[in-house]
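Worth knowing before you read on, the calculation uses all heavy atoms, side chains too, and leaves out hydrogens, waters and symmetry mates.
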Amino acid sequence: MTQQSRSGGSPAERAEALLTRCRGRFLKALREAAEEVIHHPDWLDALTRAAGECFDELASARPGQVFDDSRGLTASRMNLVQDNETDYSIGLINLDQRLHDYCGRDLAALHMRMRMQLMGTPMVLQDESPLGTESVCRALRGLKEVERLSATEALRLAQQLEEPLRRHLSGFYRSFEHELANESLGSRVRGRPQHVDPEPEPEEANAADGRPGRAGLAIQPVDALRLSVLARHEDNPSQPPSNLDPGLASALIERIEAWLGERQQYGAGVPVALGASELGALLSPVKAAAVEVIETICNYALDAPRLPAAFRSLIARLRVPLLRLALRSETLLAPERHAALRLVDQIANLGRTLAPDCSPELPVCRGLLAIVNTLVHAPRISDKEFEAALGAVEELVTSRQRTALARAAAFKDEVERMERRDVALQHACRALYLVIGHAKPSPVRNFLENYWVHVIAKVAYRHGSDSVEWATRLHTANRLLASVDDSQGARSLKRRIADIPYLIEELKEGLAWVGLTESRIWDALAPCMALHANLIAGKPAPEFVPRRSSCRPTLGRRAEKNGLRVLKHKQYVPGELPLPPAWAALEVGDPVSVALPDDSVMRGFVALFAPQRQAILIADGDQNLQLSITARALSQQVELPESQLFRAASLVDEAASNRLLQPGPA
């Protein structure tokens with residue numbers, strides 16, 4: 001299939017084509033893995049057919065959709081309610097978890113890529129990927145039912161398939177994500193897809209009058225601006241010759257520097273810029289171009305919205321030293337970026353990582369001001385002074401980062417412990433998701449999501465998800481679901497009623513184990529017990545108002561760890577919460593800002609990762625403040641505009657590009 005056929009047609013047709021292609025590639029990878037163990041064509045057909053059904057079911061789901069009771073309680077029909085072979089069901093849940101642990105990062109990247117590809121179409125993928133491990137385990141369940149395998153035989157087959165499934169699925173997820181990413185890049189090179197906002201960004205497109213935008217420039221923006229200024233001066237017949245008498249040229253430079261000294265002294269009281277002054281008109285084209293580039297950069301920085309006021313003031317204070325350098329340096333606008341221009345970019349990049357209202361009294365601001373003042377008060381300006389200043393700023397930035405990382409090292413054990421707890425909660429949430437899935441709201445579902453999930457999570461933390469204790473707690477969840485399931489008719493009613501007292505005792509014991517008081521235990525169980533009472537009396541279920549638990553992370557402060565705040569999930573969260581690719585590729589030392597639930601913003605460096613990268617510590621560069629945040633919580637916070645991943649950008653290039661696109665007074 002050609003790229004044209006993949007991207008053409010209406011939005012609905014593009015979505016359908018992508019899902020058809022995904023389905024075929026997924027079933028092919030699954031079949032190739034199964035062929036290493038299964039040699040019966042009928043078994044292979046049954047396996048892929050069941051996986052295809054689950055793919056179709058998950059791909060066609062819409063937000064808030066509740067699946068028909070006749071099709072089972074979950075999208076995958078992996079629930080335990082209608083299955084007496086509990087060991088096999090728990091075995092499938094554990095297999096799903098192990099496959100998900102192994103392939104989860106690759107699957108999350110592919111799922112995010114598919115969502116991006118489907119933007120602008122009627123299709124919206126849900127949190128659970130139709131290409132995920134749930135579809136695989138659904139296929140194994142389907143194979144067992146079609147071929148009437150015993151639970152022991154089916155579990156043995158699943159164990160044999162685990163290793164080839166890990167290899168083939170992870171390889172498929174990686175290769176297909178790369179394929180979609182390359183296609184997306186290719187479509188941007190050829191032109192924006194129809195379903196994306198066609199308005200070009202100013203820096204990417206040509207200007208209305210035909211002048212090239214940044215992407216259209218064949219050379220660097222600063223060099224393009226230099227050539228533009230030179231061309232304008234050469235076309236000016238009143239322009240003084242470039243070969244002035246050396247003595248006269250030197251005297252002119254001295255006079256201009258004296259004028260700049262007055263400008264430095266009176267600041268904004270000097271009404272005219274050098275380039276537009278009578279003295280500036282006497283400069284050679286080369287010097288005039290250097291002056292105009294510097295004034296363009298400084299004027300742009302004065303109004304740069306992403307720079308704090310303290311940093312705009314710093315660059316304004318650099319204006320006169322930079323102009324003095326423009327008069328004397330022969331290499332300021334050389335192809336290799338000059339130290340003075342790199343100094344401006346370094347200061348701007350640092351400023352963008354700080355709060356817009358940051359105080360000029362911050363240590364880093366005072367340090368930068370001291371460095372800038374050495375240039376302001378230098379009796380003579382040359383390249384060497386700016387090279388020294390750039391080195392001092394780089395050392396200041398490095399030292400600030402190093403100090404933040406050193407402070408954060410004290411919290412390493414805390415972050416790793418936080419990750420272990422969050423991973424345990426993830427396992428518990430995923431197991432419950434596979435058990436109850438899209439079941440209609442009920443007291444039983446409410447109890448499992450809000451209370452029993454913590455019992456399962458504690459088991460995973462203390463004993464692991466392959467332990468007997470894990471299977472026991474999941475079995476209890478199954479029995480609770482079965483206690484209110486009347487799909488098996490009146491014949492099972494006596495058995496279910498007889499089991500209720502023992503079940504309630506197990507639930508009470510589990511809740512006490514996670515620390516609930518006696519009164520809270522009774523409050524938690526009251527709705528389920530009311531439902532049981534009506535069931536025993538033959539009455540309809542009482543009216544139920546679902547309790548909505550927040551899926552947003554919770555911000556807390558650890559009193560025993562001064563300066564540490566914690567952002568994590570504490571409740572049941574259905575589905576996946578993948579990080580966007582750029583955030584998933586974070587490294588230690590990266591500057592970031594993260595919006596917090598209390599409307600504050602944490603700014604700092606990525607200081608350390610827990611071993612599985614499921615918890616991250618961010619350390620403030622200027623004070624003793626740290627944020628420990630789980631990857632799942634971060635995945636939701638990065639959606640907020642205040643959350644940013646800072647990458648080095650050139651304010652110098654931005655200023656030059658802006659001037660080329662919008663020519664006018666410097």
Side-chain angles (χ1 to χ4, degrees), residues 257 259-277 291-326 332 338-378 381 385-397 399-401 591 593 601 603-604 620-623 642 644 646 648-656 658-659 665-666:
E257 282 202 292
W259 182 87
L260 289 172
E262 295 174 5
R263 180 185 173 89
Q264 185 80 55
Q265 181 178 358
Y266 295 107
V270 179
V272 69
L274 173 58
S277 69
V291 166
E292 187 161 334
V293 168
I294 291 302
E295 293 196 321
T296 295
I297 293 167
C298 293
N299 288 343
Y300 181 82
L302 279 177
D303 298 319
R306 291 185 295 164
L307 279 184
F311 281 75
R312 293 199 297 270
S313 175
L314 276 171
I315 296 177
R317 192 162 179 75
L318 266 178
R319 185 185 195 110
V320 169
L322 286 167
L323 288 172
R324 292 174 63 195
L325 181 71
L332 177 61
H338 192 279
L341 303 184
R342 286 156 52 205
L343 175 67
V344 173
D345 281 341
Q346 186 78 277
I347 292 173
N349 279 321
L350 178 55
R352 286 168 175 144
T353 66
L354 297 180
D357 58 349
C358 71
S359 169
E361 295 304 313
L362 282 177
V364 65
C365 293
R366 293 203 306 269
L368 289 173
L369 181 60
I371 295 169
V372 169
N373 280 339
T374 62
L375 296 172
V376 170
H377 300 301
I381 283 288
E385 278 74 26
F386 275 91
E387 288 169 1
L390 176 62
V393 170
E394 289 175 341
E395 175 56 32
L396 177 66
V397 170
S399 174
R400 178 171 174 266
Q401 182 192 75
S593 66
V601 178
R603 294 177 173 86
D620 189 291
D622 301 299
Q623 50 191 325
E642 295 85 357
Q644 296 182 59
F646 299 102
S650 175
L651 180 134
V652 169
D653 284 345
E654 289 176 14
N658 183 70
R659 180 65 186 282

Under the 3.5 angstrom rule, does the side chain of Arg312 hit a backbone N or O of Ala301 as a donor-acceptor pair? no
Identified side chain to side chain contact (heavy atoms under 4.5 Å, CB included) partner of Leu368 from the options Val393, Asn373, Leu362: Val393
Answer yes or no: is there a side-chain heavy-atom contact under 4.5 Å between Glu292 and Arg659? yes
Side chain to side chain contact (heavy atoms under 4.5 Å, CB included) partner of Leu332, chosen from Ile294, Val291, Leu322: Ile294
Within the side chain of Arg317, is there an N or O that forms a donor-acceptor pair under 3.5 Å with the backbone of Val376? no
Using a 3.5 Å distance criterion without hydrogens, assess whether the side chain of Asn349 forms a donor-acceptor pair with backbone atoms of Ser650. no
Full working for side chain to side chain contact (heavy atoms under 4.5 Å, CB included) between Leu343 and Leu318: CA-CA 10 Å; Leu343 175 67; Leu318 266 178; 4.2 Å; yes
Run the numbers on Leu651 and Ile297 for side chain to side chain contact (heavy atoms under 4.5 Å, CB included), then give the verdict. CA-CA 8 Å; Leu651 180 134; Ile297 293 167; 4.0 Å; yes
Give the minimum heavy-atom separation between Cys358 and Pro308, together with the two atoms involved. SG-CB, 3.7 Å
Does the side chain of Asn299 reach to within under 4.5 Å of the side chain of Arg319, using non-hydrogen atoms? yes
When you look at Val397 and Arg400, which way does the side chain to side chain contact (heavy atoms under 4.5 Å, CB included) test go after all the steps? CA-CA 5 Å; Val397 170; Arg400 178 171 174 266; 5.8 Å; no
Ion pair present between Arg324 and Glu385, side-chain N to carboxylate O less than 4.0 angstrom? no
Does a side-chain heavy-atom distance below 4.5 Å link Asp622 with Arg603? no
Is it true that a side-chain atom of Thr374 and a backbone atom of Ile371 form a donor plus acceptor pair closer than 3.5 Å? yes
Output, in order, the C-alpha distance, side-chain angles, deciding distance and verdict of side chain to side chain contact (heavy atoms under 4.5 Å, CB included) for Leu375 and Phe386. CA-CA 8 Å; Leu375 296 172; Phe386 275 91; 3.6 Å; yes
For Glu642, does its backbone N or O pair with a side-chain atom of Ser593 as donor and acceptor, under 3.5 Å? yes
Shortest non-hydrogen separation from Arg352 to Phe646 and the atoms involved: O-CE2, 3.1 Å
Val652 versus Leu341, closest heavy-atom pair with distance: CG2-O, 3.6 Å
Taken to the nearest 0.5 Å, the spacing of Ser313 OG from Leu307 CG works out to 11.5 Å
Rounded at 0.5 Å granularity, tell me how far CG in Leu350 sits from CG in Asp345. 12.5 Å
Got a second to check how far Leu314's CG is from Cys365's SG, nearest 0.5 Å? 6.5 Å
